[in-house]
Amino acid sequence: MGLLIVRLLTLLNTEDSHSTVFHVAETLVEHYDQIADLSIGDMAMLANVSKSTMSKFARKIGFDDYYDLKDSAPFVEDRFNNRLNYLTNIVDTLEKNELDEYFSAIQEDIDTLRQSIDKAAIDRLAQALVRYHKVAAFGLLFSESAALDFQYKLAYNGKFIFTCQEDLKQEQYVREAGEDTLIIVFTNSGNYVQQNQLLPGWPKKNSFRHSRAHIFAVTANPELAKLSYIEDTIVFPHRTSIQTHAFLYQIIMDLIVARYRHFALKNRN
């Protein structure tokens, strides 16, 4: 999924529905297939705003100008030849009516997780959640959905953490976080902490590398444990070719929250 559509959808999820920013984002989404062919004047007319407002909007969401935004608009399925992308990996499997393969993959990965979950790592993260007052959880796309779920699950137990969908705000938070902050990263592949996955060519990401925060990754990639700026990891097994991590995240989160509750209550007594 491209950078522009991700940022537009995030605005629709977070902005006041009566704001100009929301209105412009909504107009761009409604006319998304036309953006690449419309001038700034044409798009401004569709949104009933001035060209300067359209330019300010483009800069607000992280583009150099409207033309930079426009260049990001064309949607190319699997633009980066990533065989693990949602359409290629999940939807194609289901369209081929390979339901047994889909359900079997989920079951196999869950069974493998049950047999090999790193309970010691679960406890280390749970204890870190007790120690750190400032905590954030981040991920990209479906992994950010896990971060949001984690936020709510912890809130049920009186632990309040920060997360946000906007990639620019995530980057800012990571860069500015101090040693008193715990950042939990959900990243199946591990690429989220090393590369800007929404940009063409996946350029190197430096925000985590230079962050002073305590960074704990929940990942299927054991290589992350070797990175100097990753303090600790929960590495979960991912044996099948189907991307099942959205299901595995939920189980891992429940285990973390249960252990957090245990340690938090013990700490109070």
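Heavy-atom basis, side chains included; hydrogens, waters and symmetry copies ignored.
- Counting heavy atoms from C-beta on, the side chains of Leu38 and Leu46 come closer than 4.5 Å.
- Counting only distance, with no hydrogens or angles, the side chain of Ser189 and the backbone of Asn191 share a donor-acceptor pair below 3.5 Å.
- At most 12 heavy atoms of other shown residues, nucleotides or ligands fall within 6.0 angstrom of atom NZ in Lys51.
- Although no hydrogens or angles enter the test, the distance criterion places no donor-acceptor pair under 3.5 Å between the side chain of Ser19 and the main chain of Glu15.
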*Going through the distances and angles, do Phe138 and Val174 end up as a side chain to side chain contact (heavy atoms under 4.5 Å, CB included)?*
CA-CA 10 Å; Phe138 298 126; Val174 172; 4.1 Å; yes

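- Residues Leu8 and Tyr66 share a hydrophobic cluster, clusters being chains of Ile/Leu/Val/Met/Phe/Trp/Tyr side chains in contact below 4.5 Å.
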*For the pair His214 and Thr181, evaluate side chain to side chain contact (heavy atoms under 4.5 Å, CB included) and give the outcome as yes or no after the intermediate values.*
CA-CA 6 Å; His214 182 104; Thr181 303; over 6 Å; no

_Using side chain to side chain contact (heavy atoms under 4.5 Å, CB included), reason through Lys205 and Gln194 one step at a time and then give a plain yes or no._
CA-CA 5 Å; Lys205 180 185 287 186; Gln194 302 178 82; 5.8 Å; no

*side chain to side chain donor-acceptor pair (under 3.5 Å) evaluation trace for Gln151 with Lys159*: CA-CA 8 Å; Gln151 182 186 52; Lys159 181 69 176 182; over 6 Å; no

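- The NZ atom of Lys60 lies 7.0 Å from the CG atom of Leu11; values are rounded to the nearest 0.5 Å.
- Val49 places a side-chain heavy atom less than 4.5 Å from the side chain of Val24.
- Placement of Ile106 and Leu99 within a single hydrophobic cluster is found when ILVMFWY residues are connected by side-chain heavy-atom separations under 4.5 Å, directly or transitively.
- Listed here is the closest heavy atom pair of Tyr132 and Asp180: CD2-O, 3.4 Å.
- Between Asp65 and Arg59, none of the side-chain N atoms (NZ, or NE/NH1/NH2) sits under 4.0 Å from a carboxylate O, so this pair counts as no salt bridge.
- For Tyr260, there are no ring pair (Phe, Tyr, Trp, His ring centres under 6.0 Å) partners at least two apart in sequence or on another chain.
- Remark: Thr233 OG1 to Ile215 CD1 distance equals 12.5 Å, nearest 0.5 Å.
- If you take CG on Leu140 and CD on Gln165, they are separated by 11.0 Å, rounding to the nearest 0.5 Å.
- When side chains are defined from C-beta on, Asp109 does not count as touching Pro237, because their heavy atoms never get closer than 4.5 Å.
- In this structure, the side chains of Asn221 and Glu223 come closer than 4.5 Å at one or more pairs of heavy atoms.
- The closest side-chain heavy-atom distance from Val21 to Phe57 is below 4.5 Å.
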*Where do Ser50 and Thr53 land on the side chain to side chain donor-acceptor pair (under 3.5 Å) test, with the steps shown first?*
CA-CA 5 Å; Ser50 66; Thr53 296; 2.9 Å; yes

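- Side-chain contact between Tyr173 and Ile183: present, with at least one pair of heavy atoms (C-beta onward) separated by less than 4.5 Å.
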*Please report the C-alpha distance between Val185 and Val218 in whole Å, then the side-chain angles of each, then the deciding distance to 0.1 Å, and finally whether the side chain to side chain contact (heavy atoms under 4.5 Å, CB included) criterion is met.*
CA-CA 6 Å; Val185 176; Val218 180; over 6 Å; no

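- Of all heavy-atom pairs spanning Ala137 and Ile161, the tightest one is CB-CD1, 3.9 Å.
- Within the 4.5 Å cutoff, side-chain heavy atoms of Leu69 are placed close to those of Ile35.
- For His31 and Gln34, the side-chain atoms include at least one donor-acceptor pair closer than 3.5 Å.
- At a cut-off of 3.5 Å, with distance as the only test, a side-chain donor of Asp111 or Gln107 sits close to an acceptor on the other residue.
- Here the closest non-hydrogen pair linking Ser143 and His245 is OG-CD2, 4.3 Å.
- Within the model, atoms CG of Leu9 and CG of Leu4 stand 9.0 Å from one another, a figure rounded to the nearest 0.5 Å.
- Taking CD1 of Ile110 as the start and CZ of Phe247 as the end, the distance is 7.5 Å to the nearest 0.5 Å.
- Other residues, nucleotides and ligands contribute only 12 or fewer heavy atoms inside 6.0 Å of the CZ atom of Arg261.
- Between Asp123 atom CG and His262 atom NE2 the span is 7.5 Å, to the nearest 0.5 Å.
- Test Phe142, Phe150, Tyr192 against Phe186 for ring pair (Phe, Tyr, Trp, His ring centres under 6.0 Å) and you get one pass: Phe150.
- No hydrogens or angles considered: a donor-acceptor pair under 3.5 Å links the side chains of Lys153 and Gln250.
- Taking every heavy atom of both residues into account, Phe22 and Asp16 meet most closely at CB-O, 3.1 Å.
- Under a 3.5 Å cut-off, the side chain of Ser211 and the backbone N or O of Ser207 do not form any donor-acceptor pair.
- A continuous path of Ile, Leu, Val, Met, Phe, Trp and Tyr side chains, each step under 4.5 Å between heavy atoms, connects Met43 with Tyr32, placing both in one hydrophobic cluster.
- Taking all atoms of both residues into account, the shortest heavy-atom contact from Val130 to Phe263 is CG2-CB, 3.9 Å.
- Across every non-hydrogen atom of Gln170 and Gly139, the tightest pair is NE2-O, 3.2 Å.
- The number of heavy-atom neighbours closer than 6.0 Å to NZ of Lys169, taken from other residues, nucleotides and ligands shown, is 12 or below.
- Here the side chain of His23 pairs no donor or acceptor atom with the backbone of His18 at under 3.5 angstrom.
- Shown here is Asn13, whose CG atom has more than 12 heavy atoms of other residues, nucleotides or ligands within 6.0 Å.
- In this structure, the side chains of Phe63 and Asp71 stay at 4.5 Å or more apart for every pair of heavy atoms.
- In terms of hydrophobic clustering, with Ile, Leu, Val, Met, Phe, Trp and Tyr side chains grouped at heavy-atom distances under 4.5 Å, Leu28 and Leu168 are assigned to different clusters.
- Linking ILVMFWY residues whenever their side-chain heavy atoms come closer than 4.5 Å, directly or via other members, places Ile61 and Tyr67 in the same cluster.
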*Run the side chain to side chain donor-acceptor pair (under 3.5 Å) check on Glu144 and Thr163 step by step: do they pass?*
CA-CA 8 Å; Glu144 174 56 26; Thr163 191; 2.7 Å; yes

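- With salt bridges taken as basic N to acidic carboxylate O contacts below 4.0 Å, one links Arg7 and Asp167.
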